[in-house]
2 protein chains.
Amino acid sequence: MSSAPNDHSLDMLICRLEIIATLSEEERAAIRSLPAKTRILNAGQDIVCDGDKPSQSCLILNGWACRYKLLGAGRRQILSFHIPGDIPDLHSLHIHTMDHSLAALKETTVVLIPHDSLRELTARFPGLAAILWRETLIDAAVFREWMTGMGRRTAYERMAHLFCELYLRLQAVGLAQSYHCVLPITQVDLADALGLSNVHVNRVLKEMREQNLVTLRGGSLTIEAWDELMRACEFDPAYRHLEKRAS
Amino acid sequence: MSSAPNDHSLDMLICRLEIIATLSEEERAAIRSLPAKTRILNAGQDIVCDGDKPSQSCLILNGWACRYKLLGAGRRQILSFHIPGDIPDLHSLHIHTMDHSLAALKETTVVLIPHDSLRELTARFPGLAAILWRETLIDAAVFREWMTGMGRRTAYERMAHLFCELYLRLQAVGLAQSYHCVLPITQVDLADALGLSNVHVNRVLKEMREQNLVTLRGGSLTIEAWDELMRACEFDPAYRHLEKRAS
DNA sequence: CGGCATGTTGAATCTAATCAATCCACGTGG
DNA sequence: CCACGTGGATTGATTAGATTCAACATGCCG
């Protein structure tokens, strides 16, 4: 953990929020002056654990993370994947006990922002409060989409849907272009995210590869037929609620 | 739709918020003076639809509702059930387009509160804003729990878990006692909520009945063995985040 | 080089879905 | 009052999809 010179790590957050809203110069300045500590995590390392009562939230600067819950008999459910610009535990600002864990999927750099500072920020700038609130609501909207997938979509559709979602999210932060991106997710992780067994994930991936739809290999994803991929899972990006709106 | 004399329908909301927080007298008064219209819906009637851009949120006064998404080929996923005291579409305050629908499961009375008034309220009382934000975060926490159920729990466990959740929620608003409550949910609804087929729901219910665990019949639920029911699904109520905290 | 994590494949098994009847309670209209 | 229609619940038979178990391949790292 290193106390940051605060180069401009928080610009990442500004950039992210401006995807869904317009910020004033004051608001940008206030965000930039948030106290922040940088921390680097190894692959597999937990950032926050189920049951913790964190006093800070983390912004991902680079790397990958996922949230997950553990059940008895070694069962695990991955709830979401997170990429640079995300604040995966923003909810802990108002919900004090973690009901799941957050872990790095590869070497990952995060910026830790104290809840006190965030609370002060939202008190001074109600507009920012609304935007952050909105971020957590979008998070919930994505949960709803995943839920409907797990309940009512086939394994094939679920996988296709996840690839569409991840590609668009990566593209939005400049980490994907021309239907190609890094995806440091193992087949076991995919299985735990989609509610499948690792063996079945392997077979569905094989099928998609053979159909020249998508190829996932060596930690990188190539989408060979974007339109068909979207059609296969009835993908509608509306659930991510990216319509911009002057708060 | 009738313009309400505003007897005290909003006390329901106060009561609900005081489950997770402590309100000042001013805050209570401000809530009570919210403009509100009462509306009565028939069973099966939609309250808000996927794609709508509502300008108000609804508080359930009595009855039952559920949120759901429709997919191609007639598939439906129920995302949540709602009982008196819930504000199932509070998120529409900051997310402007509905990504799912909300429908009454039986004759249901709701109070409609304009977004403008809510925004004004949260601007004047940042403490209330935090509490409402928190409500939406708890909503998301429940989604996470359902997700892990659909991904990693068996049909039997999922069903048991849902019954535990609903019973405790009903109990909290005085609609259940001595392990018995009204549950106007058909087996088809249960199936769409749990990601199962109606036939399988029927079989699991039969199994539970034969084990003297729970009986669901004629719209009412009786839990014969609460402890065992909780054990069967590893139920831990923590995910509903009811710890009270002076905001 | 050995060890370990990850990915791949086959075979057997099982859970839950699907298809198809039937039943029952209830309300409606003749 | 009874015939009828309807929505929900129930049951059986069959099948599809996914899991489990097991073996083996591959690649990376110390």
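Computed over heavy atoms, backbone and side chain alike; hydrogens, waters and symmetry mates excluded. The structure displayed is predicted, hence computed values, not measured ones. Lettering follows sequence order; numbering is per chain, from 1.
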Can we call the ring centroids of B:Tyr167 and B:His180 under 6.0 Å apart? no
Are the ring centres of B:His161 and B:Tyr156 closer than 6.0 Å? no
Among C:dG7, C:dG10, C:dT18, which is the nearest nucleotide to the side chain of A:Val199? C:dG10
Rounded to whole Å, please give me the gap between CG in B:Asn202 and P in C:dA20. 19 Å
Between P of C:dA5 and CG of A:Asn198, the distance in whole Å: 14 Å
Figure out the CZ/C1' separation between A:Arg209 and C:dT9, and round it to whole Å. 12 Å
Please work out if A:Gly219 contacts a base, only the sugar-phosphate, or nothing of the nucleic acid, heavy-atom cut-off 4.0 Å. nothing
Nucleotide nearest A:Arg217 when distance is taken to its side chain, options C:dT8, D:dT10, C:dA16: C:dT8
Could you state the atom-to-atom distance from CZ of A:Arg75 to C1' of D:dT20 in whole Å? 15 Å
Please give, in whole Å, the distance from C:dC19 P to B:Arg203 CZ? 14 Å
Are A:His91 and A:His100 close enough that their ring centres sit under 6.0 Å apart? yes
Nearest whole Å is fine: how far is D:dA16 P from B:Leu196 CG? 20 Å
For A:Leu194 and D:dG17, what is the distance between atoms CG and C1' respectively, to the nearest whole Å? 15 Å
How many whole angstroms separate atom NE2 of A:His200 from atom P of D:dA16? 14 Å
Just checking B:Gly44: base, sugar-phosphate only, or nothing, at a heavy-atom cut-off of under 4.0 Å? nothing
So which nucleotide from C:dT6, C:dA16, D:dA22 ends up closest to the side chain of A:Thr186? C:dT6
Need to verify one output field. Residue with the more 5' nearest nucleotide on DNA chain C, B:Ser197 or A:Val188? A:Val188
Under 3.5 Å side-chain donor-acceptor pair for A:Asp189 and A:Tyr68: no
